[in-house]
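For reference, the structure is listed below as C-alpha cells.
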Amino acid sequence: MTEFNTIDDLDVNGKTVLVRADLNVPMQDGKVSDTTRIDRLAPTLTELAKKGAKVVVLSHFGRPKNGPDAKNSLRNVLDALSAAVGQTVAFGEDCVGDKAKAAIDGVQPGAIVLLENTRFHAEEEKNDPAFAKRIAELGDLYVNDAFSAAHRAHASTEGVAQHLPAAAGRLMQAELEALTKALEKPERPVAAVVGGAKISTKLDLLGNLVKKVDMLALGGGMANTFLYAQGVDVGASLCEKDMADQARAIMETAKAANCELLLPKDFIVAKEFKAGAAHRAVPADGIGADEMALDVGPATVEFLGLKLQGAKTVVWNGPLGAFEIQPFDAGTNAVAGLVAERTSEGGLLSVAGGGDTVSALAHAGVEEKFTYISAAGGAFLEWLEGKDLPGVAALKKK
Ligand code: 3PG
Ligand code: MG
C-alpha cells in the first residue's frame, strides 16, 4: 500500500500520538456487550505504546447533541479498553484544553490515555477548524484507526489530519487493504451478494456495484422489488412498489455494464412473520396472495452455489432472508457457508461488512472464515457506494 502512510512511516518514540479510534460500541446494563471494535483497535495502541509513545485515544460515542452527559461518557468503556490492551488506561475528562493536557502530562511514555467523547463539543461534527487545531495541539502525530467513522468529516476524523503528520493505524490499514483487494483491484470474476430489506436505502450502492462487479446476487426484501419490477406477483411480501422504476434502471445499467444480475429462483414463504411459522418452498413466481417471501429457497442456494463457484472475489452486504427468526436464516447460512468453504480452500477472497451483515454472518458461524469482515457499518456502505470517505482521503500522502 503506497497511497497512505502507516505506523511504519512514523517515528513515534518519545512522541505523543493522537489515535482516532471508534469506541462507539454497543452497551448493555452499563457494560460493553460486544468488544469487537475494541479488540481490533488494541494492537495499534499496544504497538505504539511499546514503541515508546504516549498514546492518546480520541473517539466519539453515541450521538449526544447537548454537551456532556453520563450515558455517553467514554468512561463507560474504560475498563473494557484497559482489559483489551492489558494495561490500565488513564482518563481525561475532556478531549481538548487543560483537562486533556493534564491527563496527558500525568502519564509516562508507553502509557495510554483515553480522552472524553469528542461529540460533547458541537464543533466536532461541524469540523470546526479552530476545534481541530485545539485537538492537534495535544500531540505530535496523528493516527487514524477509525475506518468505521471515516465517512464522517468531523474535526477528530478529518480536520486534525490537516495539522499533524498523519498515518493509518493497523485496523484502518487492514480495512483499506481488504477493501482495495475486494473492489478496487480485485481478482475477477467478482461477485457481490447484497441483501437487506429495502432498495431505497441502497440505490447508490447497487448503482455503483453493477458497474464494478461481474455478478450481483440479490436477496432479502430488496429482491422482491426487483422481481415485482419484472412483473412477478410477490403476494404479501415486503416490496417497495414505488421503487420499480429505480429497480428497472439498475437492471439496465447492469446489462450495459455486463454485470449478470442473479435474482432468487425460489423462496421460503409464510403467512406470518414469526419464528417457526408454517412455511413452504415455492418458485419465485409462485407466491400466494397472502404469503410473504421470508428467505431464499433451496433452488436459489444451489443456483448461487454454482455461480459463486466461478468467482475469485466475493463482496457481501446484507442478509438474504429474515435471518433473525428460524427457519428463515437457512438461505443466508447456506450461501455464507459456501463462500466460507471456498475461502478456506484458498480459491476465494471474501470481504463482508455493513449494518446487519456482521451479525448475520456471525449467526451463520462463518465470521472467522471469510477473508475479512469489516467492523464498519455506514462507512462500509458508503465505500460500496464508491464515495470518497473524508477520514480516508485526509490520510492520503500529500
Ligand atoms: C458507527 O457506529 O457506525 C460509527 O461509529 C459512526 O457513528 P455515527 O453514525 O453516529 O456517525
Ligand atoms: Mg452509524
Side-chain angles (χ1 to χ4, degrees), residues 18-28 31-42 44-45 57-69 71-78 80-81 84 95 114-128 131-132 135 143-161 168-169 171-172 174-176 178-179 196 201-202 204-205 316-319 351-362 372-385 387-395:
L18 306 181
V19 180
R20 178 49 157 100
D22 186 354
L23 295 176
N24 191 30
V25 292
M27 307 283 295
Q28 223 159 21
K31 282 220 161 79
V32 178
S33 56
D34 177 354
T35 59
T36 308
R37 281 183 175 173
I38 297 178
D39 297 337
R40 290 192 185 185
L41 161 76
T44 296
L45 304 185
V57 183
L58 295 153
S59 178
H60 73 285
F61 184 90
R63 292 177 176 171
K65 296 291 173 208
N66 302 304
D69 68 90
K71 191 176 136 270
N72 287 307
S73 173
L74 276 174
R75 220 181 237 296
N76 301 327
V77 309
L78 193 59
L81 185 61
C95 69
L114 172 63
L115 298 183
E116 187 54 287
N117 194 343
T118 52
R119 288 190 186 167
F120 282 172
H121 295 266
E123 297 96 324
E124 159 74 343
E125 293 191 50
K126 291 181 189 139
N127 198 3
D128 180 86
F131 183 70
I135 295 176
V143 167
N144 190 343
D145 216 22
F147 175 80
S148 49
H151 54 321
R152 308 294 180 210
H154 294 173
S156 67
T157 59
E158 203 277 340
V160 65
L171 174 56
M172 173 71 91
E175 294 267 1
L176 295 176
L179 300 188
T201 55
K202 291 193 182 170
D204 291 346
L205 181 151
W316 187 308
N317 170 255
V351 173
D356 263 357
T357 314
V358 180
S359 43
L361 296 183
Y372 193 78
I373 297 188
S374 174
F380 189 89
L381 294 177
E382 289 200 22
W383 171 78
L384 285 185
E385 290 168 3
K387 292 202 178 122
D388 229 0
L389 308 184
V392 173
L395 293 180

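Ligands are counted one by one from 1 in listed order, and the atoms in each one are counted from 1 as well. What you are looking at is a predicted structure, and each value in this text was computed from that prediction instead of being measured.
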Does Trp316 have any side chain to side chain donor-acceptor pair (under 3.5 Å) partners at least two apart in sequence or in another chain, and if so, which?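 Side chain to side chain donor-acceptor pair (under 3.5 Å) list for Trp316, sorted by chain: empty.
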
- Query: Which pair of non-hydrogen atoms, one from Ala84 and one from Asp39, has the smallest distance, and what is that distance?
  - Reply: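 Minimum heavy-atom separation between Ala84 and Asp39: CB-OD1, 4.0 Å.
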
So, for Ala153 and Glu158, which heavy atoms are closest and what is the spacing to 0.1 Å?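 For Ala153 versus Glu158, the nearest heavy atoms are CA-CB, 4.1 Å.
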
* To do: Would you indicate which of His154, His151, Arg63 comes nearest to atom 9 (O) of ligand 1 when only heavy atoms are counted?
  =>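 Selected option, by shortest heavy-atom distance: Arg63.
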
*Taking non-hydrogen atoms only, is Arg37 closer than 4.0 angstrom to ligand 1 via side chain, backbone, both or neither?*
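Side chain only.
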
Is Ser148 touching ligand 1 with its side chain, its backbone, both, or neither, if touching means heavy atoms under 4.0 Å apart?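 Backbone only; the side chain of Ser148 stays clear of ligand 1.
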
Check ligand 1 against [X] and write out every atom of the ligand that is under 4.0 Å from a heavy-atom position of the residue.
X      : value
Arg119 : 8 (P), 10 (O), 11 (O)
Arg152 : 8 (P), 9 (O), 11 (O)
Asp22  : 4 (C), 5 (O)

Aromatic Phe61 / basic Arg37 pairing, under 6.0 angstrom, 45° off normal: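 No, cation not above the ring by the 6.0 Å, 45° rule.
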
Partners of Lys387 by salt bridge (Lys or Arg N to Asp or Glu O under 4.0 Å), sequence neighbours excluded?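 With sequence neighbours excluded, Lys387 shows a salt bridge (Lys or Arg N to Asp or Glu O under 4.0 Å) to Glu385, given in chain and number order.
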
